[in-house]
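So you know, we letter chains A, B, ... as the sequences are listed, proteins then strands, and number each from 1. These numbers were taken from a predicted model, which means no experiment stands behind them.
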Amino acid sequence: MSERYNAADVEPRWQKVWKEADIYRADDKSDKPKFYALEMFPYPSGRIHMGHVRNYAMGDVVARYKKAQGFEVLHPMGWDSFGMPAENAAIDIGGHPKDWTYGNIEAMKEPLSRLGFALDWSREFATSDEAYYKQQQYIFLKFWENDLVYRKTAKVNWDPVDNTVLANEQVIDGKGWRSGAVVEQRDMDQWFFKITKYAEELLEGLDTLERWPEKVKTMQANWIGRSEGLQMKFEFDGISHTKAVEILNNAQTSDDKNVIEAIQTTAANKAAVPENQKAVQIFTTRPDTLFGASFIALSPDHPLTLSLSKSDSKVENFRINCAKIGTTEEAIATADKLGFDTGLKVKHPFTGETLPVWIANFVLMGYGTGAIFGCPAHDQRDLDFARKYGLDVTPVVLPDGEDASTYKIGNEAYTSEGTLFNSDFLNGLNKDEGISAAIAKIEEMGLGKGVTNYRLRDWGVSRQRYWGCPIPVIHCGDCGVVSVPEADLPVALPYDINFDKPGNPLDRHPTFKDVECPKCGSPARRETDTLDTFADSSWYFARFAGGNTDDRPFDKKIASDWLPVDQYVGGIEHAVLHLLYSRFFTRGLRDCGLLDLPSGEPFAGLFTQGMVTHATFMNIHGDYVLPDGVVEYEKGATGISYLSDYGAGLIHAQIEGLADNKFRSNYLKQVNQTGKYLCEIESLIRPIGEKDPRKYTPVLQGDVIKMSKSKKNVVDPNDIIEGYGADVARWFVLSDSPPERDVEWTEAGVIGAWRFANKVWALVSETPKLNPMSVASRASGDALELRRFAHKAMAKITSGIESFRFNTSVAQIYELTNALKKYKANDEAKAEALGMLIRAIAPFMPHLSEECWAHLGGEDLCYHAPWPVIDESLLVEDTVTLPLQVNGKRRGEMTVPVDISKEEAEKLALADPAVIRTIDGLTVRKVIVVPGRIINIVAS
RNA sequence: GCGGGCGUGGUGGAAUUGGUAGACACGCAAGACUUAAAAUCUUGUUCCUGUAUAGGAGUGCCGGUUCAAUUCCGGCCGCCCGCACCA
């Protein structure tokens, strides 16, 4: 019975058993404590990759472990199936996005099933299913009713060739990623989710997420970007003031009014913005430096700038110049400071001095009020600007140790803390005191008030795309924007579309657009934009929990019972977008009365796993080479080698003859370092007169990077499953590397995992039938030793799983396996240890453990077996080996009873021969005894 | 620029309340079995000196606290990630 472990036979057999017994179905009505395990669901690209394997293997470990711990586990799976790739495929290779998508789902489901994950497939859905997006449309309308959705004109990236809006990620160096056309900024009507309504709650909620990575919380906090400061007005001075009012009143178009209105209605700004426009509103986080103000700067997109440009062509030209700089981050970061003096003046509220009003390219319209006061001495940007245009630089913060009479600002602004000076009533205060005092004074003068500002903007969700959830509204000439009645949902995507022309096919569909107004019955136009696909993934976890309802997004009670997700696992790339949008959605659902989740937090525990990486290889032509095509042989090519001496000679000849010096020197360096020649067998055609039929080409090893098709460093999970089995693939991606870090896929590593699977099987198959649930409570001698070892290992395996350090659990499983081979214990103790081992392996390699369980004669399925109970008394030894240190250096060790007294231990330590030898001639000053840990003798 | 993280053998990594640094695995070396290879098994493997007993050095670098530092503190150096003209 000691034949090799045959995964190809074992794995499908158990998968069939599991499926027929329907063991992974979660029971909504269970009395057991619940546990919701979830991994970020996949986009159906058509193939599973190693990243999926790692992600789902981690979630599966948790799900299976929690099941064994007695929890009712919900572990569902589905498809995030709307999105651009389907449309692009239809454009590039023809066909229909729907067919492409659902074909891919079919193609992926089978290999995913072969990995043997404990998934409740009864809850499966795809976000492109009509039943799903119908409910999403319902949610959209509920959000609209509850003031969480609105419509406004906003700037978008417009690709003039493809006639579509592009997401920021799709704009590369200012050009459309597909067309290569220069992207325009265009104003368009867009739908927005009012995520800023929850800015504060989303920020505060982060503190309650104890089982989230600090990194993700920090990123979200930065993204929300709360800053406290002062919003205040600078009143226009003299004639300029009148002129400004005149400009505003006369030159304003309705568009300008909209912008001004939009600013005024921003929640944070609302209270502080006055009704009239006789002043410029600015926002600052450093009101303590107000006495250092030397100018006011407006954004090129500020309403005042816009109205000025209508009557002044120089302003208009300046705006055009600013727009030319481009949209790339690099261009923005390195752009010169550009300014334009409007000639307007404002009055400083404290000093009464007049300050010039400039337009500056570095002031953003999207943050604060789109206008600032410039304090060059204590802000680097302001300083650069002031130096360029000859504006005053007045220091008002004195660094410690500097003299007020001699302190000067050079080309570096002083941005750290210090004592305020040159500042009248603020003199002598520190930064925080100065901020409070300045705010109090401005408030007292009625010129402004302390406010909180957020960097977070509302979420624009309109996409001019076909393959997404249609936005369920109708535009009527008389009634305006009207929602589609609930009874008419879903607004279904028509199938008969074509991609002959660029742009959104819904927009030119013969009938989709033409509808009657649900209110007045007159001819109206259906919205043809679809929702950002991030909306789809913002509530799917709730549908999994309380789904299968057609009248509501999910059953409120059932979904609320399962939520929050206890353990969510996915990639760090979603740290902000998906994870923030979901936190917004659950709050929205809660406040619309659809979900009973007071905290609003969808994911109680989050784990972000690292990527699967692989070495890259490149040949002399500069092409990436598939790892499969790369062979290596030893330097010298004698004995162990894939190549004959003849082949080696060929490589040498090729290298010497290479024209590319850089490649040749790199290759020779590689050979020197590794002692190996890497090459590719380029063809199997025998050149005339050659003995070896193969043609070898030298290959350079490149960086170890994330698996990617274009870099050709991918390993297909299917190949690994066929060659070694699913368990081996799972085991490998969980061993060695800590889960949050990247793991490098190597052939050697896979073989190691495969060997281990065989080792376990060899151990089990040569063991006669026994009860894997047995407890050898009366063990002594070697048997007791084995028990101690097994229970200790089991404790470490358990804590490794609990704390997401699967690599340490794996190491302990190795140790337990080695111990089982080493200890000469009796059958009862062996049965206990082996039973523990099989159950410990089960979350990682469920097929192997099931096979072992059955072979040993375990009752029922291993999947149903409870997690081993650790006997705490076995974790404590009778004796302990203490290291003996002299002056902090280890000189020996001694084995003593664990409950030895400090005095006794000290006596024994000083009698140790190694200690005596070391302290010979020295005086013992002190002996430190840490019970059960160490003894350190201080001598001099 | 701002924020976060990380530096440990040839390699991945252990050592999460300061207490034997290098668990476990890969690789490598030697041996056993074999006609041979593969597989498997055994032993060794941080570096330096040394036949050995043993001694010295050692967790990026410099310093500090401590009987004791990979761990705590201060200052450098290097790498990675996120955000980025956010007032």
Side-chain angles (χ1 to χ4, degrees), chain A residues 4 213-223 225-227 229-230 282-287 289 297 299 325 329-330 332-337 360-364 366-375 378-382 384-385 415 453-456 572-573 575-576 640 673-674 732 735-738 740-744 746-753 755-756 758-759 762 796 799-800 803 805 807-818 821 881-893 914 917 925-939:
Chain A
R4 182 161 294 183
E214 283 304 318
K215 183 183 171 138
V216 175
K217 288 194 276 187
T218 307
M219 282 167 73
Q220 290 210 0
N222 289 343
W223 187 266
R226 178 190 155 112
S227 57
L230 168 68
I282 63 100
F283 173 73
T284 178
T285 54
R286 293 294 304 275
T289 64
S299 163
I325 288 166
E329 280 175 13
E330 197 189 350
I332 289 167
T334 57
D336 279 336
K337 301 279 176 286
N361 65 337
F362 65 89
V363 181
L364 305 173
Y367 187 77
T369 62
I372 62 160
F373 83 80
C375 178
H378 307 294
D379 183 292
Q380 192 59 45
R381 290 158 305 167
D382 295 351
D384 295 344
F385 191 79
T415 54
N453 232 305
Y454 298 92
R455 188 182 158 279
L456 183 69
I572 186 75
E573 65 273 19
V576 175
I640 22 174
Q673 274 173 5
T674 63
F732 175 69
S735 54
D736 282 357
S737 285
E740 70 277 11
R741 271 193 238 174
D742 291 350
V743 61
E744 185 188 351
T746 60
E747 183 76 10
V750 180
I751 292 169
R755 271 194 208 135
F756 177 68
N758 274 293
K759 207 161 149 183
K796 289 180 191 160
S799 79
S803 59
R805 282 152 45 220
N807 55 321
T808 62
S809 296
V810 165
Q812 288 301 321
I813 289 172
Y814 280 131
E815 296 228 39
L816 180 53
T817 311
N818 293 340
K821 299 184 77 161
T881 301
L882 295 178
L884 301 173
Q885 288 185 342
V886 177
N887 291 332
K889 291 204 162 127
R890 186 177 176 279
R891 296 296 168 181
E893 61 180 37
R917 200 172 346 121
R925 303 272 173 211
K926 202 172 169 189
V927 178
I928 290 131
V929 180
V930 185
R933 282 287 189 187
I934 202 164
I935 294 169
N936 190 13
I937 295 155
V938 187

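Distances were taken from every side-chain heavy atom of A/T284 (C-beta onward) to each of B/A87, B/A14, B/C26; the shortest belongs to B/A87. With distances taken from any side-chain atom of A/K759 to the nucleotides B/C24, B/C41, B/G82, the minimum falls on B/C41.
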Scan nucleotides 54-71 of chain B nucleotide by nucleotide, 5' to 3', and note B when protein non-hydrogen atoms come under 4.0 Å of the base, S if they reach only the sugar-phosphate, - if neither. -SSS---------BS---
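For the OP1/OP2 pair of B/A87 and a distance below 4.0 Å, the side-chain nitrogens and oxygens of A/Y367 include at least one atom meeting the criterion. OP1 or OP2 of B/G13 lies within a sub-4.0 Å distance of a side-chain N or O belonging to A/R741. Taking side-chain N and O atoms only, A/R455 has a distance below 4.0 Å to OP1 or OP2 of B/A84. At B/A23, none of the side-chain N or O atoms of A/R805 fall inside 4.0 Å of OP1 or OP2 (strictly under the cut-off). Side-chain nitrogen and oxygen atoms of A/R755 include at least one within less than 4.0 Å of the OP1 or OP2 phosphate oxygen of B/U40. Applying the 4.0 Å criterion to OP1 and OP2 of B/C86, one finds that A/R381 has a side-chain N or O inside that range.
Annotated as anti: B/G64, whose glycosidic dihedral deviates from 0 by more than 90°.
Remark: B/A39 base-pairs with no nucleotide; criterion is Watson-Crick or G-U wobble with both hydrogen-bond distances under 3.5 Å. When both distances must be under 3.5 Å, the Watson-Crick or G-U wobble mate of B/C47 is B/G56. A 3.5 Å limit on both hydrogen-bonding distances identifies B/C6 as the Watson-Crick or G-U partner of B/G78. Both distances falling under 3.5 Å, in either a Watson-Crick or a G-U wobble arrangement, place B/C67 opposite B/G19.
As judged by a 4.0 angstrom heavy-atom cut-off over every strand, A/D382 is placed among residues making no nucleic acid contact.
A gap of 27 Å separates the C1' atoms of B/G56 and B/U43, to the nearest Å.
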